[in-house]
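Heads up, the thing below is written out as structure tokens.
Letters go in sequence order (proteins before strands), and every chain restarts at 1. In what follows, every heavy atom counts, from backbone to side chain, and hydrogens, waters and symmetry copies are set aside. Since the model is a prediction, treat every value here as computed from it, not as a measurement.
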There are 2 protein chains.
Amino acid sequence: MNLRDLTYFDALATLKNYTAVAQRFHVSQPTITYAIKRLEIELDTQLLLRDRSHRQIELTTNGQQFEQHVALILHELKLARTEITASRQQKVKFGLPPIIGTYYFPKLAQRLAQHGLISHLNTLEAGSSTLLQQLRTGEVDLALLGSTTPLTDQLIAAEILYQQPFKIIVSPEHPLAQAGKVAFTQLANENFVTLKEGFVHPAALRQLAQPAGFTPNVVYTTPDISVLKSMVAENIGIGFLTALAISPADNVIALELADVKPPQFLISLAYRKNQVQSALQQKLITQLQQPLKA
Amino acid sequence: MNLRDLTYFDALATLKNYTAVAQRFHVSQPTITYAIKRLEIELDTQLLLRDRSHRQIELTTNGQQFEQHVALILHELKLARTEITASRQQKVKFGLPPIIGTYYFPKLAQRLAQHGLISHLNTLEAGSSTLLQQLRTGEVDLALLGSTTPLTDQLIAAEILYQQPFKIIVSPEHPLAQAGKVAFTQLANENFVTLKEGFVHPAALRQLAQPAGFTPNVVYTTPDISVLKSMVAENIGIGFLTALAISPADNVIALELADVKPPQFLISLAYRKNQVQSALQQKLITQLQQPLKA
DNA sequence: CAACTGTGATAAAATATTTTTATATGAGCA
DNA sequence: TGCTCATATAAAAATATTTTATCACAGTTG
């Protein structure tokens with residue numbers, strides 16, 4: 001069996017047209033016919049129904065079954081190629097979600113710089129869910145990911161590096177400004193300004209709102225944390241944010257959540273379990289795993 | 001790139017000897033040399049170190065990396081072939097652990113027989129952990145599995161069909177015979193007769209013993225449930241068994257476990273998530289999912 | 001309804017790839 | 001030094017794939 005034939009079959013499963021597949025790969029149409037025929041002979045089963053009257057091709061059950069595996073095989077092959085190509089440059093493709101990049105990563109950067117590792121990073125900014133997917137496809141080799149629960153995944157190893165509670169932030173003029181802590185249920189009648197950020201903040205908010213039994217009244221949503229903070233400072237609403245991203249200079253008051261189990265913002269280091277790690281990547285992981293000095 | 005070359009490479013990664021690989025596949029030795037060379041040229045990287053002095057071959061880092069993917073690709077291909085071959089016979093390879101086969105499956109068998117499904121089963125007996133692995137490799141298409149916690153797996157879909165508590169069984173002469181229920185901590189000084197069965201019973205016992213803070217004193221272990229019961233009946237020790245496998249005729253007394261969360265014996269129906277299901281298999285799943293009449 | 005169009009199949013020839021045979025090379029070892 | 005084990009290489013042979021040219025079929029169109 002031939003990988004090229006599998007590629008043709010895979011394309012045919014999507015395009016459902018021999019001629020189109022031939023053009024896509026810049027080969028003649030009989031090439032595709034013969035490729036499929038070879039597969040059908042080798043597997044001793046019909047993979048496609050050529051319905052000439054409806055001018056359409058359909059996959060048989062076996063064809064669908066086979067296509068499942070073919071898609072996986074081709075994905076794996078692509079991943080292999082990507083990894084090997086990437087290993088040629090002394091670079092690690094490093095995924096960093098914006099919040100972590102802004103508020104957590106700088107604390108690590110100095111140590112990485114000392115070990116001469118920074119210049120080998122090829123940093124990609126994206127949301128945590130996107131990055132998880134990109135780890136799988138090999139677009140990213142190593143990533144810091146934000147989440148509210150520990151990440152478990154069959155293909156991706158992840159270990160928690162750091163965690164911070166989520167907090168409520170309010171304007172200094174807000175009635176709750178002196179309260180120090182609040183239970184989420186107390187906030188049923190408040191207006192919220194929220195972050196449009198990936199899936200972590202919304203997920204944490206849902207995690208709180210569900211047992212509290214109300215849907216927060218969101219008056220404004222922004223992807224930008226400093227915008228969020230200034231909206232809160234001007235008392236347009238109250239905010240919900242990782243403690244990590246709150247600093248004394250922000251002109252907002254942070255309130256602890258008094259609920260039984262307030263959600264935590266977890267930062268994990270993640271990579272493909274089955275990737276054979278380059279010396280560079282290993283050094284990087286070791287450094288990132290070192291606990292931060294308080 | 002050629003699947004045959006990948007096969008050769010995969011074998012070479014294990015055998016570490018070109019000549020041996022050639023013999024294994026009944027081809028000449030240069031065939032292997034050229035196959036590896038083709039891969040190295042196509043991937044533009046060295047995959048092997050030919051250390052002539054130590055008469056040994058080593059994989060380079062890239063070679064190891066590549067081998068990871070190759071192993072997956074070849075596994076997937078084999079799975080595809082197995083599934084297609086299996087679909088030719090109108091048979092479903094059905095995995096059934098002994099306990100479930102003896103005590104649960106008979107309740108379902110009549111209904112399956114009514115729908116003419118029994119004759120299409122190719123039943124394999126094995127422990128639940130073995131069967132889970134065989135589901136993955138395609139040796140089994142559908143299985144009933146026993147477990148103490150719900151099964152979650154990236155590749156295998158599993159849904160709980162039935163559950164039964166674990167119980168303590170004692171001889172009618174045993175001091176606890178009239179107790180009706182016991183807390184596991186009360187059993188610290190008892191002798192136990194246990195089942196050698198796969199992983200489910202031992203796992204459940206561990207789950208109980210850990211919080212209770214003692215290791216049960218096991219005086220005898222058997223793979224056979226009826227042996228277990230008669231040992232208990234003769235008061236050689238007390239037993240620990242799924243309620244499913246206990247019947248009034250057994251001459252043993254079943255005691256409920258009074259602990260907060262006594263482990264349950266769960267029976268789940270499991271199959272590969274990405275398998276395209278034959279009509280036969282679908283019918284079978286539908287029938288197995290019907291709840292049992294009480 | 002005859003010609004036309006889009007789509008896939010087939011035969012034979014042309015090309016490309018893989019495998020073999022025969023032989024070389026290189027390192028350790030007796 | 002010569003022998004053995006193990007891999008590499010060149011050239012020829014054997015296979016496999018692709019192309020060109022053409023056919024066949026079912027709709028569609030003028």
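- Within the 4.0 angstrom heavy-atom criterion, no nucleotide atom of any strand lies near A:F25.
- When the side-chain nitrogen and oxygen atoms of A:Y8 are compared with OP1 and OP2 of D:dT18, one or more of them lie within a distance under 4.0 Å.
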When you look at A:Q29 and A:T33, which way does the side chain to side chain donor-acceptor pair (under 3.5 Å) test go after all the steps?
CA-CA 7 Å; A:Q29 166 265 312; A:T33 302; 2.9 Å; yes
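- Side chains of A:S28 and A:T31: a donor on one and an acceptor on the other come within 3.5 Å.
- Of the listed residues (B:Y18, B:Y34, B:F25), just one forms a ring-ring contact (aromatic ring centres under 6.0 Å, His included) with B:Y8, and that residue is B:F25.
- To the nearest angstrom, P of C:dG8 lies 10 Å from CD1 of A:I32.
- Contacts of A:T19 with the nucleic acid, taken as non-hydrogen atoms under 4.0 Å apart, involve only primed sugar atoms and P, OP1 or OP2.
- To the nearest angstrom, P of D:dT17 lies 11 Å from CD1 of A:I41.
- Between A:Q23 atom CD and D:dT19 atom C1' there is a gap of 15 Å when expressed in whole angstrom units.
- Atom C1' of nucleotide C:dT17 and atom NZ of B:K37 are separated by 15 Å, given to the nearest angstrom.
- Here the side chain of B:Y18 is nearest to one of C:dG8, D:dT7, C:dT21, namely D:dT7.
- With hydrogens and angles left out, the side chain of B:Q29 and the base of D:dA8 share a donor-acceptor pair within 3.5 Å.
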Go through A:D153 and A:R136 one step at a time and tell me if the salt bridge (Lys or Arg N to Asp or Glu O under 4.0 Å) criterion holds.
CA-CA 10 Å; A:D153 190 287; A:R136 275 196 259 265; 2.6 Å; yes
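- Close to D:dT18, at under 4.0 Å from its OP1 or OP2, lies no side-chain N or O of A:S28.
- A donor N or O paired with an acceptor N or O is not found under 3.5 Å between the base of D:dA16 and the side-chain atoms of A:Y34.
- Comparing D:dT7, D:dA21, C:dT21 by their nearest atom to the side chain of B:N17 picks out D:dT7.
- The CG-P distance, from B:L15 to D:dA6, rounds to 12 Å in whole Å.
- Distance B:I36 CD1 to D:dA8 C1': 13 Å, rounded to the nearest Å.
- Inspection of the A:Q281 and A:Q275 side chains reveals an N or O donor paired with an N or O acceptor under 3.5 Å.
- Checking C:dA22, C:dT10, D:dT17 against every side-chain atom of A:N2, the shortest atom distance belongs to D:dT17.
- When the P atom of D:dT17 is taken as reference, atom CZ of A:F9 falls 17 Å away, rounded to whole Å.
- Picking from D:dT18, D:dT20, D:dT7 the nucleotide with the shortest atom distance to the side chain of A:R4 gives D:dT18.
- Distances from the side chain of B:T33 to the nucleotides D:dA8, C:dT19, D:dT19 place D:dA8 closest.
- Considering only side-chain atoms of A:R38, the nucleotide from D:dT19, D:dT17, C:dT10 that sits closest is D:dT17.
- One side chain, A:H69 or B:E83, offers a donor N or O that lies under 3.5 Å from an acceptor on the other.
- In this structure, CD of B:E40 is placed 13 Å from P of D:dT7, rounded to the nearest angstrom.
- Picking from C:dT19, C:dA22, C:dG8 the nucleotide with the shortest atom distance to the side chain of A:R50 gives C:dG8.
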